[in-house]
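Structure first, then comments.
Residue indices begin at 1 and follow the sequence shown.
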Amino acid sequence: MKKKILTITLAAAMMFGIPATMIASSTRSIEIIEQEILQPAVVLQGNTLVVSNANGQMLYIYNVAGVRVMSVKVDGPERSYELSLPKGCYIVKVGKVVRKISVK
């Protein structure tokens with residue numbers, strides 16, 4: 001059936017002067033596959049840092065002077081880390097996600 005339609009389309013294209021390459025390329029189908037990319041999530045609950053969707057990535061915590069005060073490899077889909085850091089503001093980086101936190 002497809003061959004018959006293509007033959008008729010090409011014959012009509014030749015009669016009206018449409019280039020055959022335009023007809024042949026328009027009969028192809030394109031399948032678009034959407035892929036959901038989950039970004040790591042970082043949430044501070046009290047003195048506990050909860051990290052989700054970061055399995056296998058490195059977690060870095062920096063103080064406001066830019067000095068790294070903690071680094072750990074996240075080894076699960078959702079992990080909790082008890083922070084024993086002095087009060088203050090810190091920068092948390094997991095993969096491409098960067099968050100500011102305040103330890104009280």
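- Hydrophobic cluster membership of Val94, counting Ile, Leu, Val, Met, Phe, Trp and Tyr whose side-chain heavy atoms lie under 4.5 Å apart directly or via other members: Val42, Leu44, Leu49, Val51, Leu59, Ile61, Val69, Met70, Val72, Val74, Tyr81, Leu83, Leu85, Tyr90, Val92, Ile101, Val103.
- In this view, Thr48 and Glu82 satisfy the side chain to side chain donor-acceptor pair (under 3.5 Å) rule, not counting sequence neighbours.
- Interatomic distance, CE of Met58 versus NZ of Lys73, reported as 8.0 Å (0.5 Å rounding).
- Here CG of Asn55 is found 11.5 Å from CD of Glu78. Values are rounded to the nearest 0.5 Å.
- Of all the heavy atoms in Arg68 and Tyr60, the pair that sits closest is NH1-CE2, 3.1 Å.
- Pairing each heavy atom of Val98 with each of Lys93, the nearest pair is CG2-CG, 4.0 Å.
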